[in-house]
Amino acid sequence: MARFYITTPIFYVNDAPHVGHAYCTVNADAMARWYRLNGDEVKFVTGTDEHGQKVAEAAERNGLAPLAWADQTSLRFREAWNALDISYDDFIRTTEPRHQETVQKFLSKVYENGYIYKDVYRGLYCVSCEDYYTEESADELKCPIHAKPLTEMEEENWFFKLSAFEDQLRDYYDGHPDFVTPHTKRNEAYSFIKGGLKDISITRTSIKWGVPVPWDDQHVFYVWYDALVNYLTAIGYGREDDEVEKWWPHSHHLIGKEIIRFHCVWWPAMCMAAGLEPVSHVQVHGWLLVGGQKLSKTMAAEGSVRLTDIAPVQLTTEYGVDPIRYYLLRETSLGNDGDFSLEAIIARYNTDLANNLGNLVARVAAVVGSKCEGIAPSPVMDSSLRQSAETAVREASAGWNRFAPQAGLEATWNLIGDTNAYLENHAPWKMEPGEEVAVVLGDALEAIRIVAVLISPAMPSISQEIWRRIGLAGEVSDELFATRTSWGQFRGGHRIEKGEPLFPRITD
RNA sequence: GGGGCCGUAGCUCAAUGGUUAGAGCAGGGGACUCAUAAUCCCUUGGUUGUGAGUUCGAUCCUCACCGGCCCUACCA
């Protein structure tokens, strides 16, 4: 059986969940649902990153112990994911004992393999930021944020011998052309490697809020090294329930473009250092950008319209879970940046969901009501709609399989459009009740049934609701995609429910 | 400062070293009235950021410039 292991980054708990987090997580969720629908064994993991200085500071500001603060914020992420119908199989918190154990096992392995050594880190330190800057990033030795002079500081640190992996990384990239997608992002990572790699400091003595270094109790691991290892925590690396062999060869990380370096350079090198194959695939996504205006007051703090001001839960409350999922998946292609706006959400909702999909389901149900006494007819095998359906199924599959939910949904909407056109061309509402009407409506119902399957990774609830209204039993996902989407399975004879509009138009 | 990405129709985005650069939305015209005033058909609209170069031919390759953005020790 094929397997699919997909992860989101674990999210840093100094910040509340916002639309950017949701964008990444919804995409990962849809991919997980897609592969489950295809019968693959799927593991979908997300979580929260809870160590590091910023978390400790955020906790202090809020008068809490770091763990208490992390508990609180981590919960908010899980609430957000519940609101968005995220079907994660595991949720990693880096403060969990299992994670600490895996981090220590993994990095001890790297240490034993001789890729970690002790040295003095010298850097330019900004007292206000409590952070180091490189000479390159600090203009004239001043902090880029505070414009104050930086002071030379020294700290004894453990270092990871990243420089030893330049050739291996290049070879790995050469041998795995699709290691990082899209290719523009791959090239970015690759050219960074070609530019030369420096060893990196991976521990801290200045803070205590982290995973202790097992061979030196004065140090904790720098938060990124702790965090990256979560992808192995979830599959039990170094612990009794170790399932690395089973899942790691099928691993996919979905990440934002700003953390390419960590995931596409450091992380594969760390895996190599531990004697492990790198993650098999990294899918990079872009950022949602807020055009800068027209966010309603309830959505954004006055004056500042930043993506981070928009809480996912507010969006699902206002527009519904599935419409927001649809918007996030459909509006921008994964890998590029996209615009985020409420206008665009409403436009997608009204045109794609209300006018095209919702209205299609409603008009078919209505004509079945008036011409067939509400009893569903069956499709015919040589329907002209069949080819549209088969094309949509093929193209949607291709889209989902290449991490392009946008393309998968676009192909699906072609079938919706063709079905609306098919109805116009045959005008069953003008016909006398009888065989001719039955054929047209049976075909339309079959197309709707297939649409329900095709949208299920994106809009699981709506998918199931359509399934139910056209009188089908069980869950959409009870059978595999390939079985479900072959033409001619719809069997009439039962009652069709018209029901309330699936997507009431937003008229505001 | 160094490295990199992007700039295509009013808007959001596709596409390819080669016939008239595509789609959705918005705009215009028509049809229909089963349906959530939804749907269907037709249609306006681009010197593909600017300037050079390579080429028989460039939106796609090279260089420069302009504009936006990302990374450069902890924001998806």
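A note on names: the letters A, B, ... follow the listed sequences, proteins ahead of strands, and every chain is numbered from 1.
The same atom, C1', is picked in B/A9 and in B/C69; the two are 23 Å apart, to the nearest Å. Going from the C1' atom of B/C40 to that of B/A76 covers 41 Å, rounded to whole Å. Rounded to whole Å, the C1' atom of B/G22 lies 16 Å from the corresponding atom of B/U43. Look at the C1' atom in both B/C61 and B/U16: the space between them is 13 Å, to the nearest Å. Going from the P atom of B/A58 to that of B/U50 covers 15 Å, rounded to whole Å. With P as the reference atom, B/A26 and B/C11 are 15 Å apart, rounded to whole Å. Nucleotides B/G24 and B/G2 are separated by 41 Å at their C1' atoms, to the nearest Å. Comparing B/G30 with B/C6, their P atoms are spaced 44 Å from each other, to the whole Å.
The line from OH of A/Y326 to CE of A/M459 is 6.5 Å long, rounded to the nearest 0.5 Å.
Pairing each heavy atom of A/P182 with each of A/V284, the nearest pair is CD-O, 3.5 Å.
Looking at heavy-atom distances under 4.0 Å, A/Y12 makes contact with a base. Within 4.0 Å (heavy atoms only), A/T25 reaches no atom of the nucleic acid at all. Among the atoms of the strands shown, only primed sugar atoms or phosphate atoms (P, OP1, OP2) are found under 4.0 Å from some heavy atom of A/D337. Residue A/F503 is classed as a base contact, given a heavy-atom separation below 4.0 Å to a base. A/L254 comes within 4.0 angstrom of no nucleic acid atom, judged by non-hydrogen atoms across all strands. Note on A/I260: nothing from the nucleic acid sits closer than 4.0 angstrom, heavy atoms only. Among the atoms of the strands shown, only primed sugar atoms or phosphate atoms (P, OP1, OP2) are found under 4.0 Å from some heavy atom of A/E331. Contact annotation for A/G338: backbone-only contact, meaning every heavy-atom pair under 4.0 Å involves sugar-phosphate atoms and none involves a base.
Whole-Å rounding puts the A/L288 CG to B/C69 C1' distance at 15 Å. Between A/H253 atom NE2 and B/A76 atom P there is a gap of 15 Å when expressed in whole angstrom units. One atom, NE2 of A/H426, and another, P of B/A35, lie 20 Å apart when rounded to the nearest Å. The interatomic distance linking A/F11 (CZ) with B/C74 (P) rounds to 18 Å, in whole Å.
Taking for each of A/I202 and A/E188 the nucleotide of RNA chain B with the nearest heavy atom, the 5'-most of the two is the partner of A/E188. Between A/K430 and A/T184, the residue anchored closer to the 5' end of RNA chain B is A/T184, taking for each the nucleotide with the nearest heavy atom.
At distances below 3.5 Å, not a single donor-acceptor pair connects side-chain atoms of A/E50 with backbone N or O atoms of A/R93. Judged by distance alone, with hydrogens and angles left aside, the side-chain atoms of A/R469 form a donor-acceptor pair with the main-chain N or O of A/K498 at under 3.5 Å. Using modelled atom types, one side-chain atom of A/D29 and one backbone atom of A/S87 make a donor-acceptor pair closer than 3.5 Å.
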Could you check A/H285 against A/N27 for side-chain contact (heavy atoms from CB on, under 4.5 Å), going step by step and ending with a plain yes or no?
CA-CA 9 Å; A/H285 67 75; A/N27 272 283; over 6 Å; no
A/N157 vs A/Y222, test: side chain to side chain donor-acceptor pair (under 3.5 Å). Steps then yes/no.
CA-CA 10 Å; A/N157 282 160; A/Y222 170 56; over 6 Å; no
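In this structure, A/R186 is positioned above the aromatic face of A/Y190, its NZ or CZ under 6.0 Å from the six-membered ring centre and within 45° of the axis.
When each of A/Y117, A/Y115, A/Y225 is checked for a ring pair (Phe, Tyr, Trp, His ring centres under 6.0 Å) with A/F159, only A/Y117 meets the rule.
Within residues 370-377 of chain A, no residue approaches RNA chain B, by heavy-atom distance under 4.0 Å. Applying a 4.0 Å cut-off to non-hydrogen atoms, the residues of residues 353-364 of chain A that approach RNA chain B are A/A354, A/N355, A/N356, A/G358, A/N359, A/A362, A/R363, listed by residue number.
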Represent RNA chain B in dot-bracket notation, 5' to 3'. Only Watson-Crick or G-U wobble pairs with both distances under 3.5 Å count; pseudoknot-style crossings use [ ] and interstrand partners use |.
(((((((..((((....[...)))).(((((.......))))).....(((((..]....))))))))))))....
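Using a 5.5 Å limit on the distance between ring centres and a 30° limit on the angle between planes, the aromatic ring of A/W429 counts as stacked on the six-membered base ring of B/C34. In this structure, A/W287 counts as stacked on the base of B/A76 under the 5.5 Å centre distance and 30° plane angle limits.
A/F403 and A/H281 have perpendicular rings, their planes meeting at more than 60° on a 0 to 90° scale where under 30° would count as parallel.
By the 6.0 Å contact criterion, CD on A/E258 is enclosed, its count of non-hydrogen atoms from other residues, nucleotides or ligands being greater than 12. A 6.0 Å sphere centred on CZ of A/R78 holds more than 12 heavy atoms belonging to other residues, nucleotides or ligands.
Between A/R505 and B/A37 there is no side-chain N or O to OP1 or OP2 distance below 4.0 Å.
Considering only heavy atoms from C-beta on, A/V437 stays 4.5 Å or farther from A/H426 through its side chain.
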